[in-house]
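The next block holds one structure in the form of structure tokens; read it before the comments.
Just so it is clear: chains get the letters A, B, ... in the order the sequence lines come, proteins before strands, and each one is counted from 1.
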Number of protein chains: 2
Amino acid sequence: MDDALAFSALVLALSGQLVQEIHTSVSQQGFQDLRPAHGFAFARISAGGATTADLAEHLGVTKQAAAQLVEELVRKGYVERHPHPHDARARLLGLTETGWAATRAADQAARAAVAPWREVLGEARFSELVADLTLLAPPGPIRPAW
Amino acid sequence: MDDALAFSALVLALSGQLVQEIHTSVSQQGFQDLRPAHGFAFARISAGGATTADLAEHLGVTKQAAAQLVEELVRKGYVERHPHPHDARARLLGLTETGWAATRAADQAARAAVAPWREVLGEARFSELVADLTLLAPPGPIRPAW
DNA sequence: ATAACTCGTCAATCCGCTTGTCTATTTGGA
DNA sequence: TCCAAATAGACAAGCGGATTGACGAGTTAT
């Protein structure tokens with residue numbers, strides 16, 4: 001009956017733990033100047049073709065906030081600004097090698113965080129879980145939400 | 001193979017959407033002065049026996065931050081402070097009738113957000129999903145995570 | 001050509017949270 | 001029993017990440 005409420009709590013608990021574990025692991029791998037929110041920026045930038053305005057929309061924040069974030073990531077050496085081929089106003093964002101390294105670290109951390117869960121459920125059941133969640137997942141960007 | 005990465009993204013996407021939908025719905029039900037983070041406070045306060053310090057620990061923030069949050073919720077009429085029966089320093093927190101109303105609104109919103117998912121998967125599959133997630137869910141408080 | 005729009009920036013401000021300090025009270029060990 | 005240490009909560013200052021607002025430079029549409 002009240003699966004629904006339980007389900008909400010579970011999803012929230014799980015995502016909280018996931019974010020926490022990934023962040024901790026990425027920190028331990030030497031990227032101590034990155035916080036969870038940065039991951040969402042990396043996700044968009046690594047996809048390519050992003051300008052600051054694109055990033056702002058992806059993150060659901062103002063251009064100014066995105067610009068500040070980009071400035072920080074540039075200063076820390078994770079992101080580069082390139083001239084935009086067709087628009088003299090805009091600048092294309094790209095990850096530096098360090099940025100890619102951080103991305104790989106985060107991916108690995110995510111896999112590590114999920115691994116024990118996979119084991120608890122067993123391979124088959126885990127696959128079903130992923131399949132089910134895929135049906136439910138909204139399209140569009142993944143944003144920090146609160 | 002890379003179910004793991006997909007799974008992470010799915011959980012994050014789902015929880016983001018969940019938080020967003022609940023917040024929107026609660027707002028529309030007339031509680032426009034509440035934000036997602038408040039829900040986590042309500043969860044602890046409604047359980048009973050909470051002091052500001054307890055709340056701080058539950059939320060994973062400093063006592064001062066919790067005190068500010070409580071002050072805000074008291075001012076807005078959602079929370080009351082009562083004298084603590086055994087400790088003259090402490091004050092017991094409790095929800096006002098308005099606070100309970102907001103809690104019910106959030107619960108209802110959560111159910112409404114989950115309902116379509118339940119429908120997509122079907123009753124049986126949904127139950128399995130909840131069961132699986134229950135196995136994975138960490139114990140302890142649910143906190144805002146980024 | 002020009003009006004409307006968009007990219008990125010500068011500036012001011014807001015808000016939630018932190019660190020640091022303090023008093024009142026409780027607790028626990030000599 | 002007494003006193004030192006720990007705890008609840010309040011006050012104050014400051015920070016970081018976000019907002020709103022205004023602007024020049026460049027682009028697009030009429």
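Note: CG (B:L73) to P (C:dC15) measures 16 Å, nearest angstrom. Straight-line distance from the CZ atom of B:F40 to the P atom of C:dG16: 16 Å, rounded to whole Å. In this entry the distance linking NE2 of A:H86 with C1' of D:dT27 reads 14 Å, nearest Å. If you measure from atom NE2 of B:H84 to atom P of D:dA8, you get 10 Å, rounded to the nearest angstrom. The distance from atom CD of A:E71 to atom P of C:dA11 is 14 Å, rounded to the nearest whole Å. When the P atom of C:dC17 is taken as reference, atom CD of B:E57 falls 17 Å away, rounded to whole Å. As a whole-Å value, the separation of B:R35 CZ from D:dT19 C1' is 14 Å. In this structure, B:D54 places its CG atom 8 Å from P of D:dG9, rounding to the nearest Å.
Surrounding CD of A:E97 are more than 12 heavy atoms belonging to other residues, nucleotides or ligands, all under 6.0 Å away.
Here C:dG8 is the nucleotide among D:dG17, C:dG8, D:dA8 with the atom lying nearest to any side-chain atom of A:A90. The side chain of A:A67 lies closest to C:dT9 when the candidates are C:dT9, D:dT27, D:dA8. Which of D:dA8, C:dC7, C:dT19 sits closest to the side chain of A:R89 comes down to C:dC7. The B:A53 side chain lies nearest to D:dA8 when the options are D:dA8, C:dT18, C:dG8.
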>> Before you tell me yes or no, could you show the steps for A:R118 and B:D3 under side chain to side chain contact (heavy atoms under 4.5 Å, CB included), namely the whole-Å CA-CA distance, both residues' side-chain angles and the distance that decides it to 0.1 Å?
In response: CA-CA 9 Å; A:R118 184 179 223 133; B:D3 278 355; 3.5 Å; yes

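In summary, A:E72 and A:R35 engage in a salt bridge, as defined by a charged side-chain N under 4.0 Å from a carboxylate O. Under a 4.0 Å N-O distance rule, the pair A:R81/A:E71 qualifies as a salt bridge.
The nearest heavy atom of DNA chain C to A:T52 and to B:G60 marks one nucleotide each, and the one closer to the 5' end goes with A:T52. With the nearest nucleotide of DNA chain D identified for both B:R91 and A:K63, B:R91 has the one nearer the 5' end. Judged by closest nucleotide on DNA chain C, A:R81 is the one of A:Q68 and A:R81 placed further toward the 5' end.
Ring geometry, B:W117 versus A:F7: the interplanar angle exceeds 60°, so the pair is classed perpendicular (tilted spans 30 to 60°).
No hydrogens or angles were tested; on distance alone, a donor-acceptor pair under 3.5 Å links the side chain of B:Q64 to the base of C:dG20.
Residue contacts shown for B:A65 include a base, since a base heavy atom lies under 4.0 Å away.
A sub-4.0 Å separation between OP1 or OP2 of C:dT19 and a side-chain N or O of B:T62 is absent.
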